[in-house]
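What follows is a set of notes on a single structure, which appears directly below.
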Amino acid sequence: MSQKTWGGRFDAATDKRVEAFSESVTLDRRLYQQDITASKAHAAMLAEVGLLTPAEAETISTALDAIGTDIDAGRMEYDISLEDIHTHIERALITRVGDLGRRLHTARSRNDQVITDVKLWVREAIGDLDALLRDLQKAFLIAAVREQEVILPGYTHLQRAQPVLAAHYYLAYVEKFQRDRERLADCRKRLNVLPLGAAALAGTSLPIDRESVRQKLGFDSVARNSLDVSSDRDFLVEFVFCLSLTAIHLSSWAEEWVIWSTTEFNFLKLPDGFCTGSSIMPHKKNPDTLELTRGKTGRVIGALNQLLVLLKGLPLAYNRDLQEDKSALFDAFDTVAGCVSVAAPLVEQTTLRREVIASRLEDGFLDATTLMEFFVKIGVPMRSAHEAVGKLVRKCEQSGCRLVDLPDTAFEEACPGSAAGVRPLLGVANAVAAFTSYGSTAPVEVQRQLQEWTARLEQPIPAIA
Ligand code: ARG
């Protein structure tokens with residue numbers, strides 16, 4: 001008899017090359033726990049509607065648990081002629097309980113089965129990633145609190161722009177990763193619709209109860225259209241997009257710190273445990289962790305692209321192409337989870353080189369915009385104030401000095417009546433203190449944000465199944 005679950009209509013065995021080409025168990029074995037959970041819910045429902053007796057469902061459920069224990073313990077023998085994890089578990093069930101095992105697949109297809117398993121897996125992955133991202137936010141918050149009195153040059157175009165509090169800088173990343181977490185929660189809402197019961201593509205003539213399975217598996221609703229379900233991988237695209245954006249955030253941060261750790265910048269002291277040396281140049285300390293984080297982003301974006309191209313032009317319902325979704329999903333998740341896991345301790349252990357930063361802080365006219373706003377405050381139209389300060393900066397550049405070094409006469413000339421009030425605004429510390437707007441780097445604003453984030457990140461995360 002054919003080993004295949006679908007062998008009935010075939011005369012000849014599958015070509016060995018095709019078995020190797022088409023197997024997915026090498027990858028989808030990761031879904032075994034989800035496959036068992038979903039199968040147990042399915043069996044219990046079959047008993048509720050009379051397609052199994054309660055005792056039969058109980059026997060199946062107990063055997064499925066035992067198979068799970070076997071797999072946990074590495075006792076499952078994988079065989080590519082059985083294609084995928086679903087067939088392996090069904091075969092193991094038949095081995096354990098005999099012909100009764102041949103009833104589990106009643107009113108079910110691997111098409112709705114696989115997508116139910118994947119949804120359960122992604123749901124867990126979202127929970128895990130949310131916890132990791134929260135740890136990363138906490139690491140940025142710890143750094144923000146530790147370095148809060150440090151003033152950093154803020155950059156646009158990587159040119160010195162305006163001063164910012166270091167706490168404000170770190171909290172900017174807390175915000176980015178907060179959006180990532182919210183996007184994941186949103187993705188989870190849309191994916192949490194039960195596929196099982198759609199069967200192959202058209203549903204079933206058997207009296208199943210999808211609502212019961214929905215409740216057992218913790219889905220929010222039941223998929224309305226069976227034909228849509230078996231081809232729907234939208235949630236995977238969304239999830240891998242979420243992962244891609246997180247990876248992009250990580251890559252920007254990593255790039256920034258690669259630059260900041262150069263001798264030229266020298267803003268950071270990276271922890272030794274997160275750097276490596278050179279086999280030939282004894283003095284080197286390289287920011288490999290940051291570089292790899294930057295580099296791995298390419299893989300994640302590649303996975304997103306893989307999924308989009310996989311789905312493009314695919315006709316409705318199940319097509320075997322869809323099996324190719326797993327490599328993208330697993331690789332993107334593993335990559336991002338790995339990056340976030342090392343980023344959190346790296347952020348927490350990296351300290352600012354305060355003396356170096358302070359020694360060059362007065363370079364680059366970080367106080368120029370504050371000076372311009374002072375001119376505006378005393379009545380000068382903004383465009384005229386901009387031009388006047390631009391001319392003062394040019395004057396400084398010509399004589400190699402800073403705005404604070406200019407004589408009162410220079411300010412009077414640029415903006416009559418300004419000399420009297422200008423001194424308390426010049427210099428970087430004064431410039432920072434002058435900010436007032438909501439969301440700015442104003443010290444009181446930043447303090448408020450630090451307190452809000454501390455309270456928020458200390459909340460226990462709601463458990464996600
Ligand atoms: N292993 C397949 C997948 O991952 C599921 C099996 C459905 N196969 C089929 N021929 N209907 O997509």
Side-chain angles (χ1 to χ4, degrees), residues 2-10 12-39 42 67 71 76 78-94 101-102 104-125 191 193-204 223 226-237 239-240 303 306-334:
S2 167
Q3 272 261 95
K4 310 288 188 218
T5 51
W6 39 260
R9 58 103 64 232
F10 284 79
T14 313
D15 189 295
K16 288 290 163 210
R17 288 164 294 196
V18 172
E19 278 185 346
F21 177 70
S22 60
E23 65 89 18
S24 59
V25 71
T26 310
L27 285 179
D28 64 25
R29 63 174 70 171
R30 285 179 76 161
L31 300 172
Y32 78 94
Q33 202 53 66
Q34 291 72 23
D35 198 68
I36 287 170
T37 303
S39 285
H42 183 66
I67 293 165
I71 299 178
M76 169 67 87
Y78 294 102
D79 170 1
I80 57 166
S81 74
L82 290 177
E83 281 186 37
D84 55 27
I85 189 64
H86 323 294
T87 316
H88 275 77
I89 291 175
E90 189 179 323
R91 176 55 49 123
L93 181 69
I94 294 167
R102 298 167 67 85
L104 174 63
H105 211 54
T106 304
R108 186 176 78 170
S109 153
R110 276 182 300 162
N111 301 350
D112 58 343
Q113 184 181 359
V114 66
I115 207 61
T116 303
D117 295 358
V118 173
K119 282 190 167 187
L120 292 175
W121 190 90
V122 173
R123 242 165 49 177
E124 272 178 48
L191 84 77
V193 177
L194 174 73
L196 205 62
L201 78 163
T204 175
S226 63
L227 202 49
D228 169 43
V229 166
S230 42
S231 59
D232 173 28
R233 297 294 183 278
D234 294 2
F235 72 97
L236 282 188
V237 173
F239 179 55
V240 177
Q306 181 181 335
L307 286 173
L308 290 168
V309 178
L310 179 68
L311 296 176
K312 179 194 169 294
L314 215 55
L316 262 186
Y318 185 80
N319 294 274
R320 192 65 181 272
D321 316 43
L322 292 170
Q323 180 171 292
E324 291 293 311
D325 60 0
K326 314 278 179 322
S327 61
L329 167 65
F330 293 146
D331 192 60
F333 174 76
D334 292 345

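Order of listing sets the numbers, starting from 1, for every ligand and every atom in it. We number each residue from 1, following the sequence as shown. Reckoned from all heavy atoms, side chains included, excluding hydrogens, waters and symmetry mates.
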Side chains of T26 and E23, donor plus acceptor under 3.5 Å: yes
Numbered atoms and elements of ligand 1 in range of D84, under 4.0 angstrom, heavy atoms: 1 (N), 2 (C), 5 (C), 6 (C)
Distance filter under 4.0 Å to Y318 heavy atoms, resulting ligand 1 atoms: 2 (C), 3 (C), 5 (C), 6 (C), 7 (C), 8 (N), 9 (C), 11 (N), 12 (O)
What distance separates D112 CG from Y318 OH, expressed to the nearest 0.5 Å? 12.0 Å
Atoms of ligand 1 close to N111 [distance to a heavy atom under 4.0 angstrom, numbered from 1]: 7 (C), 9 (C), 11 (N)
Under 4.0 Å to a heavy atom of K326 - the qualifying atoms of ligand 1, by number: 3 (C), 4 (O), 12 (O)
R320 and E83 ion-paired at < 4.0 Å: yes
Proximal ligand 1 atoms for S24, defined as those under 4.0 Å from one of its heavy atoms: 1 (N)
Polar contacts were defined as any N/O atom of the residue lying under 3.5 Å from an N/O atom of the ligand; does this apply to Q323 and ligand 1? yes
Salt bridge check: are D28 and K326 linked by an N-O gap of less than 4.0 Å? no
Side chains of H105 and R108: donor-acceptor distance under 3.5 Å anywhere? yes
For atom 10 (N) of ligand 1, what's the nearest protein heavy-atom neighbour? Residue, atom name and distance, please. R110 NH2, 3.8 Å
Where does the angle between the aromatic ring planes of W121 and F330 fall among parallel (under 30°), tilted (30 to 60°) and perpendicular (over 60°)? perpendicular
Please work out whether any backbone atom (N, CA, C, O) or any side-chain heavy atom from C-beta onward of D325 is under 4.0 Å from ligand 1, and answer side chain, backbone, both or neither. neither
